[in-house]
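Read through the structure below, which is laid out as structure tokens, and then see the notes.
Whatever order the structure lists ligands and atoms in, that order sets their numbers, starting from 1.
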Amino acid sequence: MKRNKPGNKLGIFLIVLIVLITGGCAGNGDSEVPGPAKENTEEESEMEAETDIIEVEIRDFKYIPEELTVSVGQTVRWTNYDKAIHNVVGSGLDSQDMREGDNFTFIFEKAGTFDYICTYHPWMEGTVIVIE
Ligand code: CU1
């Protein structure tokens with residue numbers, strides 16, 4: 001019998017040691033539950049609807065629509081479709097002269113009622129009501 005080979009003894013010892021070590025480690029590894037890697041995908045929508053431009057036509061010596069309700073922060077754009085010169089003046093608005101095809105934009109940043117006229121044709125009246 002050749003049972004006492006030092007190399008064999010050492011080999012078995014090492015195998016047992018490795019099994020114990022890796023077994024223990026594997027157990028720990030399995031029990032480790034990684035937390036859900038949730039990424040915050042909250043969309044920062046720019047509220048495009050709030051920034052849409054509201055159109056007012058100046059046509060046949062009238063503002064169309066004559067009365068308009070918008071929210072604070074919205075933009076109104078007047079466009080002159082008449083051959084005649086018009087303007088939009090009053091309540092802090094002053095478009096200067098608008099020839100055919102010209103437009104004037106204004107951002108309403110405060111709530112309130114904004115009455116305006118055309119200084120060339122003062123019977124032309126318009127109102128923008130701005131709400132919060
Ligand atoms: Cu006018």
Side-chain angles (χ1 to χ4, degrees):
M1 293 292 178
K2 297 174 181 177
R3 293 190 60 199
N4 289 334
K5 270 191 179 176
N8 275 353
K9 266 191 176 176
L10 185 62
I12 289 163
F13 174 74
L14 283 176
I15 287 167
V16 169
L17 194 65
I18 288 165
V19 167
L20 283 175
I21 290 168
T22 57
C25 284
N28 283 343
D30 286 347
S31 67
E32 194 176 309
V33 179
K38 255 191 186 176
E39 281 184 27
N40 200 347
T41 55
E42 223 172 273
E43 283 179 25
E44 290 176 27
S45 66
E46 295 277 325
M47 305 282 278
E48 288 296 330
E50 291 292 337
T51 60
D52 281 349
I53 294 174
I54 315 289
E55 303 284 351
V56 176
E57 295 185 3
I58 306 175
R59 206 185 275 283
D60 299 328
F61 295 80
K62 273 184 280 189
Y63 300 107
I64 304 167
E66 282 183 357
E67 186 177 302
L68 182 64
T69 301
V70 303
S71 297
V72 168
Q74 281 193 303
T75 300
V76 177
R77 177 165 60 203
W78 289 261
T79 304
N80 183 11
Y81 293 94
D82 278 348
K83 299 278 185 209
I85 291 174
H86 295 298
N87 58 23
V88 173
V89 176
S91 306
L93 305 171
D94 185 1
S95 68
Q96 307 295 323
D97 288 354
M98 296 168 70
R99 295 176 184 281
E100 186 181 19
D102 286 349
N103 63 59
F104 165 64
T105 59
F106 190 86
I107 301 169
F108 289 91
E109 286 168 345
K110 275 195 205 169
T113 299
F114 297 77
D115 293 316
Y116 60 90
I117 60 164
C118 172
T119 57
Y120 295 108
H121 317 100
W123 64 91
M124 291 175 62
E125 296 178 342
T127 304
V128 177
I129 297 163
V130 184
I131 56 173
E132 293 289 350

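- The ring of F114 has its center no closer than 6.0 angstrom to the ring center of Y116.
- When only modelled atom types and interatomic distance are considered, D115 and S91 share no side-chain donor-acceptor pair under 3.5 Å.
- A side-chain donor-acceptor contact under 3.5 Å links D94 to the backbone of Q96.
- Between the side chains of D60 and Y81, no donor-acceptor pair of N or O atoms lies under 3.5 Å.
- With sequence neighbours left out, the salt bridge (charged side-chain N to carboxylate O under 4.0 Å, His left out) criterion links E55 to R77.
- Any protein N/O/S atom under 2.8 Å from the Cu ion (ligand 1) was counted, giving 3 altogether.
- Checked by atom type, the side-chain pair N87/S95 shows no donor-acceptor distance below 3.5 Å.
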